[in-house]
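What you see is a predicted model, and the numbers here were worked out from it, not measured in a lab. Just follow the structure's listing: the first ligand is 1, and inside any ligand the first atom is 1.
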Amino acid sequence: MTTPTLHTSRLRLRPFASADADALFALHSNADVLRYWDAPPWSAPARAERFIATCRQIAEEGSGARLAIDRGSDGAFLGWCGLTRWNPDYRSASLGYCLDDAAWGHGYATEAGRALLQWAYDTLDLNRVQAEADTRNAASARVLEKLGFVREGTLREDCIVNGEVSDTWVYGLIKRQWRPSSRPHINP
Ligand SMILES: CC(C)(COP(=O)(O)OP(=O)(O)OC[C@H]1O[C@@H](n2cnc3c(N)ncnc32)[C@H](O)[C@@H]1OP(=O)(O)O)[C@@H](O)C(=O)NCCC(=O)NCCS
């Protein structure tokens, strides 16, 4: 699968490059950003290089796509979003995203998610996209609700991160419930 480049009105979603390693490490080593993540913040810069290598591997295997998110106006790296666990038989995949806290509250995650979902439903012909969020992560839950996801259940005591036990909400969005009216304008 070729990782696409997608343009929205304010964002550019593109394949990761080696040059993203420093910004990616800054993002994933930030304990505030990773507060409700399912793994601890990174402590070694080499983790960023491994993440980028894994992005290439995911693309080569055809199991998904992880895209860096840049702001269109100044090219600033804002974070990333991705589809993983793509199952062509089931026509399903999982959505994830992580944005720098300086960029929160501007609708960027929702805008990026919409673009990725449009690509997933139109180009990959997915039928179902799943997403999971820590039950304390109200901002992520809100993003998923704005995208049209339905909360389907709770995975009790799903994660233990640094000894802290947390529950996870499972969300799903079925293609026939994807609202075309909520699609962003995507430039070619
Ligand atoms: C979750 C995250 C992606 C949201 O990014 P964002 O660009 O700020 O999202 P948006 O601006 O598109 O939407 C956020 C929504 O959550 C709301 N929100 C933010 N904090 C909230 C809170 N504590 N309680 C309730 N709602 C909250 C915002 O008001 C907004 O909703 P609105 O448009 O109705 O006002 C971002 O906070 C992030 O990357 N967090 C760290 C990584 C992470 O947790 N990823 C998700 C893992 S499941």
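- Look at G79 and you'll find every heavy atom at least 4.0 Å from all atoms of ligand 1.
- In this structure, atom 20 (N) of ligand 1 lies nearest to the protein heavy atom A139 CB, 3.6 Å.
- Counting heavy atoms only, L99 comes closest to atom 39 (O) of ligand 1 of the residues L147, L99, D134.
- Within the set D32, V143, V33, the minimum heavy-atom distance to atom 42 (C) of ligand 1 is found for V33.
- Short contacts between ligand 1 and C98, defined as distances under 4.0 Å to a heavy atom of the residue, involve ligand atoms 39 (O), 42 (C).
- In this structure, R35 falls outside the shell of residues with a heavy atom less than 4.0 angstrom from ligand 1.
- Contact annotation for atom 28 (C) of ligand 1: protein absent (non-hydrogen atoms, distance under 4.0 Å).
- Interatomic distance, T135 OG1 to R151 CZ, rounded to the nearest 0.5 Å: 8.5 Å.
- Atom 31 (O) of ligand 1 has as its closest protein heavy atom R142 CG, 3.2 Å.
- In terms of heavy atoms, S140 sits closest to A133 at OG-CB, 3.9 Å.
- Note: W80 and H28 have parallel aromatic rings, judged against thresholds of 30 and 60 degrees for the angle between ring planes.
- L27 approaches G79 most closely through the heavy-atom pair CD2-CA, 3.9 Å.
- Of the protein's non-hydrogen atoms, the one nearest atom 11 (O) of ligand 1 is G107 N, 2.7 Å.
- Shortest contact from atom 47 (C) of ligand 1 to any protein heavy atom: W37 CZ3, 3.7 Å.
- Atom numbering of ligand 1 starts at 1 in the shown order; those under 4.0 Å from a heavy atom of H106 are 11 (O).
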* To do: Apply the test side chain to side chain donor-acceptor pair (under 3.5 Å) to residues R56 and S18: give CA-CA distance (whole Å), side-chain angles for both, the deciding distance (0.1 Å), then the verdict.
  => CA-CA 11 Å; R56 294 193 187 110; S18 303; 3.1 Å; yes

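- Of the possible donor and acceptor atoms, none in the side chain of R12 sits under 3.5 Å from a partner among the backbone N and O of T5.
- Put simply, OG1 on T54 and CD on E60 are 11.0 Å apart, with the number rounded to the nearest 0.5 Å.
- Among protein heavy atoms, atom 2 (C) of ligand 1 sits closest to A109 CB, 4.4 Å.
- Of the inter-residue distances, the one linking L126 atom CG with W119 atom CH2 reads 8.0 Å to the nearest 0.5 angstrom.
- Interface of S140 with ligand 1, defined as ligand atoms under 4.0 Å from a residue heavy atom, comprises 1 (C), 46 (C), 48 (S).
- The presence of a protein heavy atom under 4.0 Å from atom 35 (O) of ligand 1 is ruled out.
- The local environment of CD in E61 is crowded, with over 12 non-hydrogen atoms from other residues, nucleotides or ligands closer than 6.0 Å.
- Comparing Y171, Y97, W104 by heavy-atom distance to atom 40 (N) of ligand 1, the nearest is W104.
- For atom 12 (O) of ligand 1, the candidate residues are N137, T110, L144, T168; the nearest heavy-atom contact is made by T110.
- Closest to atom 33 (O) of ligand 1, if we only count protein heavy atoms, is K146 NZ, 2.7 Å.
- For the side chain to side chain contact (heavy atoms under 4.5 Å, CB included) with R14, the qualifying choice from D70, L6, L67, I69 is D70, the only one to do so.
- If you take CG on D32 and CZ on R35, they are separated by 9.5 Å, rounding to the nearest 0.5 Å.
- Nearest protein neighbour of atom 24 (N) of ligand 1, counting heavy atoms only, is A138 CB, 3.3 Å.
- Annotation: G105 places an N or O atom under 3.5 Å from an N or O atom of ligand 1; distance criterion only.
- Counting heavy atoms closer than 4.0 Å to ligand 1, residue E111 contributes nothing at all.
- Nearest non-hydrogen protein atom to atom 48 (S) of ligand 1 is E132 O, 3.1 Å.
- Inter-residue side-chain proximity for L95 and L144 is flagged as met; some heavy-atom pair is nearer than 4.5 Å.
- Ring planes of W42 and F25: parallel class, angle under 30° (limits at 30 and 60°).
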